[in-house]
Amino acid sequence: MGDLVNKGNGAPSFSQNLTEVLEHRTEKNLVVLVYNSLAWQREEVVNVVVSTQEVEVTDERGNIVQSQINPRFIYEENDEEITVGNYTLYFLVSVPPLGFSTYFIAFGKRASNITQCTDYGDRLFLGTNDLAINLDENGRLSFFHNTISGSYISIIQDILMYDSYEGTDGQNSGVYIFRPNGPAQPLSDQIPASIYCSGDLVQEIFQAFPSSESATPFAYQSVKIFSSENNGTEFIEFDYKIGPLPIAGTGRELITRFTTNLDSNQTIYTDA
């Protein structure tokens, strides 16, 4: 299970910590075991994909666990619109040090935690008490705000595409070799189709980026902000779904580029 994420207090996410999540399906229930490989208690929001909104989560004592249901959106080529596929169930877990906790997902229950979703308007403010981002009238990130530090950071995001280099000098663009043929170009000048969903555990905006080369979008993005009340800290998470890319004689390299007003003195930090 990929998105068991918490970046608070310097702790890596569950998925980065050799966490094992074992799912055992029964006729009407799903049993989820969440293992904590770290030496301290962790309370985090995790998620699983389900096929219905009618679910309820309980712990091993039978207590109802705080949860949230978000639609998983897909783009219908025939209708040229975003529709609902299946659903993502978010729920709050508490896991002891070097131990595991068991949670039960019961299907067929009328849930009261279904997220309300709306179409994106002219502008969108996505955030909670401590952290916020703003999207401008073109559906792009425009600034980041940390209310604890009081900092405002201008941040513009672009989805761009390079043509891959294919020459005769023996070094083409390929696996582990990024060699573009010229500068990156925007996918199109159209505004991405966007849907905003808000709940107690997570706020999310789903975007489908149009392309001038394809009738169907091939770049999708989900931006989420998790509540600090449940995760210990707030953070922004970006998820992408890419492809298939249109091929026009050469390969393609798709990137996302963030342009900010940070004065980093040309210092780059990486986890690589």
Side-chain angles (χ1 to χ4, degrees), residues 3 5 7 70-77 80-84 88 115-147 149-163 178 180 182-199 202-227 234-246 252-264 268-270:
D3 291 330
V5 179
K7 300 180 177 59
N70 275 28
R72 291 173 63 89
F73 296 105
I74 57 176
Y75 186 87
E76 292 289 351
E77 180 177 358
E80 296 186 351
E81 63 179 12
I82 298 175
T83 61
V84 175
T88 299
T115 304
Q116 300 298 315
C117 299
T118 59
D119 290 337
Y120 165 77
D122 292 337
R123 291 177 179 269
L124 178 63
F125 182 82
L126 184 71
T128 51
N129 293 331
D130 301 333
L131 187 66
I133 57 175
N134 188 77
L135 278 72
D136 63 18
E137 64 275 9
N138 295 314
R140 301 194 308 170
L141 289 177
S142 59
F143 73 80
F144 161 87
H145 180 210
N146 186 325
T147 59
S149 64
S151 62
Y152 280 88
I153 299 174
S154 172
I155 178 168
I156 303 297
Q157 182 194 20
D158 293 292
I159 305 292
L160 306 166
M161 188 160 57
Y162 289 97
D163 286 331
F178 176 61
Q185 301 296 326
L187 298 185
S188 77
D189 57 0
Q190 300 179 53
I191 298 175
S194 305
I195 293 181
Y196 169 67
C197 302
S198 178
V202 59
Q203 297 179 54
E204 176 184 13
I205 183 167
F206 174 84
Q207 296 181 295
F209 293 87
S211 168
S212 58
E213 299 186 27
S214 174
T216 304
F218 52 81
Y220 305 89
Q221 173 178 268
S222 171
V223 185
K224 305 182 186 73
I225 291 185
F226 292 82
S227 171
E234 291 176 335
F235 60 92
I236 305 171
E237 177 181 287
F238 289 80
D239 288 325
Y240 303 94
K241 179 182 177 182
I242 306 298
L245 300 183
R252 295 295 180 84
E253 313 276 359
L254 194 69
I255 69 163
T256 180
R257 176 185 294 164
F258 295 92
T259 303
T260 77
N261 61 349
L262 290 174
D263 184 7
S264 61
I268 299 176
Y269 296 91
T270 176

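Quick caveat, the model's predicted, so the values are computed rather than measured.
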Could you walk me through whether Asn134 and Ser142 pass side-chain hydrogen bond (donor to acceptor under 3.5 Å, both in side chains), step by step? CA-CA 6 Å; Asn134 188 77; Ser142 59; 2.9 Å; yes
Partner residues of Phe143 under the ring-ring contact (aromatic ring centres under 6.0 Å, His included) criterion, sequence neighbours left out: Tyr152
Please report the C-alpha distance between Phe238 and Phe258 in whole Å, then the side-chain angles of each, then the deciding distance to 0.1 Å, and finally whether the ring pair (Phe, Tyr, Trp, His ring centres under 6.0 Å) criterion is met. CA-CA 12 Å; Phe238 289 80; Phe258 295 92; 5.4 Å; yes
For Asp263, look at atom CG and say whether over 12 heavy atoms of other residues, nucleotides or ligands are found less than 6.0 Å away. no
Within this structure, what is the CD1-CG distance for the pair Ile205 and Leu141, rounded to the nearest 0.5 Å? 8.5 Å
Looking at every heavy atom in both Leu160 and Ala184, which two are closest together, and how far apart are they? CB-CB, 3.8 Å
Can you see which heavy atom on Ala219 is nearest to which on Ile159, and at what distance? CB-CG2, 4.2 Å
Taking C-beta and beyond as the side chain, do Glu237 and Val202 meet within less than 4.5 Å on heavy atoms? no
Quick one: pull up CD in Glu253 and CD1 in Ile255 and give me the separation to the nearest 0.5 Å. 9.5 Å
Once ring-ring contact (aromatic ring centres under 6.0 Å, His included) is applied, do any residues pair with Phe218, and if so which ones, sequence neighbours excluded? none
Where is the tightest heavy-atom contact between Gln190 and Pro210, given as atom of each residue plus distance? CB-CG, 3.5 Å
Can a donor-acceptor pair be found, under 3.5 Å and without considering hydrogens, that links the side chain of Glu204 to the backbone of Asn70? no
Could you give the distance from CD (Gln221) to CG (Asp239), rounded to the nearest 0.5 Å? 9.0 Å
For Arg140, is there any backbone N or O sitting under 3.5 Å from a side-chain donor or acceptor partner on Asn138? no
Kindly indicate whether the side chain of Pro180, heavy atoms from C-beta on, has any atom under 4.5 Å from the side chain of Phe178. yes
Is there side-chain contact between Leu187 and Leu254, with at least one heavy-atom pair below 4.5 Å? yes
Can you check side-chain contact (heavy atoms from CB on, under 4.5 Å) on Thr256 and Asp158, steps first, answer last? CA-CA 6 Å; Thr256 180; Asp158 293 292; over 6 Å; no
Closest approach of Phe209 to Pro192 (non-hydrogen atoms, all atoms of both residues): CD2-CB, 3.8 Å
Could you state the interatomic distance from CE (Met161) to OG (Ser188), rounded to the nearest 0.5 Å? 10.0 Å
Rounded to the nearest 0.5 Å, the CD1 atom of Ile133 sits from the CD1 atom of Ile153 at a distance of 12.5 Å
Which distance, rounded to the nearest 0.5 Å, do you find between the NZ of Lys241 and the CZ of Arg72? 8.5 Å
